[in-house]
Amino acid sequence: QLPDQGSLMVLTSSLKDAMCMFEMGISAVALQSEMQMPEEEFINALQERFKTIAVFYDNDFNKVDNPGQTMAIKICDKFKLGNICIPTELGVKDISDYIAKYKSLDGAKKLIYDLLGC
């Protein structure tokens, strides 16, 4: 269901976050588990289709080990991808929580692009 090519594709931690991205016009894929390391062939295929690929996993700021960001950093380091992390001070762990709390798709989209430096 992804387009043949595009400017941005995001790996998310859940289907609900992928659906939020879709509503904002951003291509997204949710792996089966946030703790899953994607296959190299999968990432290579995405890199052939999209200009930028980023990981947007939960900011589990309320947990000491922050598992979402721990895995996001591993994936980003291995494949040289961008990492989108919602700042802790916003008080939400993922994009669907952001949209629910702040009631703004446009604000969520701006946040994503600002965090990516686009």
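This chain uses plain numbering: 1 for the first residue, then up along the sequence.
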### Task
List for me each residue that meets side chain to side chain contact (heavy atoms under 4.5 Å, CB included) alongside Ser7, sequence neighbours excluded, and say none if there are none.
none
Indicate every side-chain donor-acceptor pair of residues 9-18 with a distance under 3.5 Å to a residue at least two apart or in another chain.
unit_1	atom_1	unit_2	atom_2	d
Thr12	OG1	Ser14	O	3.1
Ser13	OG	Asp17	OD2	3.4
Ser13	OG	Asp58	OD1	2.8
Ser14	OG	Asp17	N	3.2
Ser14	OG	Asp17	OD2	3.3
Lys16	NZ	Ser96	OG	3.4
Asp17	OD1	Ser96	N	3.3
Asp17	OD1	Ser96	OG	3.0

### Query
With side chains defined as the heavy atoms from C-beta onward, is the minimum distance between Phe61 and Ile86 less than 4.5 Å?
no
### Query
Does anything in residues 34-52 pair up under salt bridge (charged side-chain N to carboxylate O under 4.0 Å, His left out), and if so which pairs, sequence neighbours excluded?
none
### Task
For residues 70-83, pull every pair meeting side chain to side chain donor-acceptor pair (under 3.5 Å), keeping only residues two or more places apart or in separate chains.
Gln69-Asn83
### Query
Can you tell me how far the CD1 atom of Ile95 sits from the CE atom of Met24, to the nearest 0.5 Å?
4.5 Å
### Message
Can you confirm whether more than 12 heavy atoms, excluding those of Asp65, are under 6.0 Å from its CG atom?
### Response
yes
### Query
Taking only residues two or more places apart in sequence or in another chain, which ones pass ring pair (Phe, Tyr, Trp, His ring centres under 6.0 Å) with Tyr98?
Tyr102
### Message
Just verifying a value: how many Å separate Cys20 SG and Ile26 CD1, rounded to the nearest 0.5 Å?
### Response
10.5 Å
### Task
Please tell me if the side chains of Phe42 and Leu31 come closer than 4.5 Å, counting only heavy atoms from C-beta onward.
yes
### Task
Give, for atom CG of Leu111 and atom CG of Leu90, the distance between the pair rounded to the nearest 0.5 Å.
6.5 Å
### Query
Which value, rounded to the nearest 0.5 Å, describes the distance between Ile53 atom CD1 and Leu8 atom CG?
9.0 Å
### Summary
Scanning both residues in full, the closest heavy-atom pair of Gln36 with Tyr57 reads O-OH, 4.4 Å
### Query
Hey, are the side chains of Phe56 and Cys85 touching, using non-hydrogen atoms and a 4.5 Å cut-off?
no
### Ile73 reachable from Met37 in the ILVMFWY side-chain graph, under 4.5 Å edges
no
### Message
Within the 4.5 Å heavy-atom criterion, are Ile84 and Ile112 side-chain neighbours or not?
### Response
yes
#### Entry: Leu116 with Val29, same ILVMFWY side-chain cluster at under 4.5 Å
no
### Query
Who passes salt bridge (charged side-chain N to carboxylate O under 4.0 Å, His left out) against Lys110, sequence neighbours left out?
Asp114
### Query
What residues form a side chain to side chain contact (heavy atoms under 4.5 Å, CB included) with Lys101, not counting sequence neighbours?
Val92
### Message
Closer than 3.5 angstrom, by distance alone: can the side chain of Asp60 be matched with the main-chain N or O of Lys63 as a donor-acceptor pair?
### Response
no
### Query
In chain order, what residues pass the side chain to side chain contact (heavy atoms under 4.5 Å, CB included) check against Gln5, with sequence neighbours excluded?
none
### Message
Run the side-chain hydrogen bond (donor to acceptor under 3.5 Å, both in side chains) test against Asn59 and tell me which residues pass, sequence neighbours left out.
### Response
Asn66, Thr88
### Qualifying residues under side chain to side chain contact (heavy atoms under 4.5 Å, CB included), relative to Glu89, sequence neighbours excluded
Pro87
### Query
Heavy atoms, side chains only, cut-off 4.5 Å: are Pro67 and Met35 in contact?
yes
### side-chain hydrogen bond (donor to acceptor under 3.5 Å, both in side chains) partners for Ser104, two or more places apart
none
### Query
So Ile99 and Glu23, side chain to side chain contact (heavy atoms under 4.5 Å, CB included) or not? Walk me through it.
CA-CA 11 Å; Ile99 293 167; Glu23 288 298 317; over 6 Å; no
### Query
Should Leu115 and Val55 be counted in the same cluster of Ile, Leu, Val, Met, Phe, Trp and Tyr side chains packed under 4.5 Å apart?
no
### Task
Could you list all the ring pair (Phe, Tyr, Trp, His ring centres under 6.0 Å) pairs where at least one residue sits in residues 63-91, not counting sequence neighbours?
none
